[in-house]
Amino acid sequence: MSGIKEILGETVLGKNGPVDVDSFAEEGYVVGLYFSAHWCPPCRSFTPKLVECYKACREAGKKFEVVFLSLDRDQKSFDEYYGEMPWLTVGFGSDVKTSLSQKYSVCSIPTLILVDGATGETISTDGRNKVASDPSGSNFPWSGIPDSHWRCHHRNFGYDPTFKRRCYYGDARTLSLAVVA
């Protein structure tokens, strides 16, 4: 197993059941790993922008898929929030979310990690700003545009490898703290 399948496994969940990861594990696909939660105000603000960009890219025939990795606190919140999203998910409470949060050192939400569907290589850890600055997706796949992110491990916000860590969400103006187990 290689590429995105190594990251996500064989299947993810769509609105109508399991989806084979092979359907977007091919050359030219960009996969957005979207870490977000219903309870997070900046997430609730960014999600509609990502939906708009996702739909614009797909309608233009661009190979873009998003997989939601929920940090919601309960199934009901997950279901309500995922109901607003047109893409895929690993499901509520998935161990995949935990391992990928650690792999990508996710310490703030919303976070959108962009990876190559064929190779699994990281394209960008700053997908949120790329989407925010290009909501129509006209510059997709945003390669060659440098990341401008601020991350906890760059600012000493206290990454804890046991994954019981202090996580920050929002931007520099609206920084808030949440504990993610």
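- Classified by interplanar angle (parallel below 30°, tilted 30° to 60°, perpendicular above 60°), the ring pair F140/F64 is tilted.
- Rounding to the nearest 0.5 Å places CG of D134 at 13.5 Å from NZ of K49.
- Side chains of R128 and S108 form no contact here, defined as non-hydrogen atoms less than 4.5 Å apart.
- Contact record, C57 with G137: SG-CA, 3.8 Å, taken as the closest heavy-atom pair.
- Separating the SG atom in C40 from the CZ atom in F46 is a distance of 11.0 Å, to the nearest 0.5 Å.
- Proximity of W142 to I123: side-chain heavy atoms (C-beta onward) are nowhere separated by under 4.5 Å.
- We find the NZ-OG distance between K62 and S138 to be 6.0 Å, quoted to the nearest 0.5 Å.
- At a threshold of 4.5 Å between non-hydrogen side-chain atoms, the residues H38 and K76 do not count as touching.
- In summary, the side chains of D74 and S77 do present a donor paired with an acceptor at a separation below 3.5 Å, with no hydrogens or angles considered.
- The nearest pair of heavy atoms linking A37 to Y81 is C-CE2, 3.4 Å.
- Taking the side chain as every heavy atom from C-beta outward, D79 and D72 never approach each other to under 4.5 Å.
- Under a cut-off of 6.0 angstrom, the local environment of NZ in K15 is crowded, with over 12 non-hydrogen atoms contributed by other residues, nucleotides or ligands.
- In this structure, F92 has its ring center no closer than 6.0 Å to that of Y82.
- Taking OH from Y104 and OG1 from T122, the interatomic distance works out to 4.0 Å, rounded to the nearest 0.5 Å.
- Between K130 and L114, the shortest heavy-atom contact is CD-CD1, 4.2 Å.
- Residues L88 and L13 are members of separate hydrophobic clusters, defined by side-chain heavy-atom contacts under 4.5 angstrom among Ile, Leu, Val, Met, Phe, Trp and Tyr.
- Inter-residue side-chain proximity for T47 and S36 is flagged as met; some heavy-atom pair is nearer than 4.5 Å.
- Proximity of L69 to S94: side-chain heavy atoms (C-beta onward) are nowhere separated by under 4.5 Å.
- Nearest heavy-atom pair, C43 versus Y34, reported as atom, atom and distance to 0.1 Å: O-OH, 3.7 Å.
- E65 contributes atom CD, which lies 11.0 Å from atom CG of L33 (distance to the nearest 0.5 angstrom).
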**Prompt:** What do the steps show when you test L100 against L8 for side-chain contact (heavy atoms from CB on, under 4.5 Å), and what is the final call?
**Reply:** CA-CA 9 Å; L100 293 180; L8 293 171; 4.0 Å; yes

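- Here the CH2 atom belonging to W39 is positioned 6.5 Å from the CG atom belonging to L71, to the nearest 0.5 angstrom.
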Margin query: I'd like to know whether I4 forms a side-chain contact (heavy atoms from CB on, under 4.5 Å) with Y29, so could you lay out the CA-CA distance, the side-chain angles of the two residues, the decisive distance to 0.1 Å, and finally the verdict.
Written below: CA-CA 10 Å; I4 196 69; Y29 253 97; over 6 Å; no

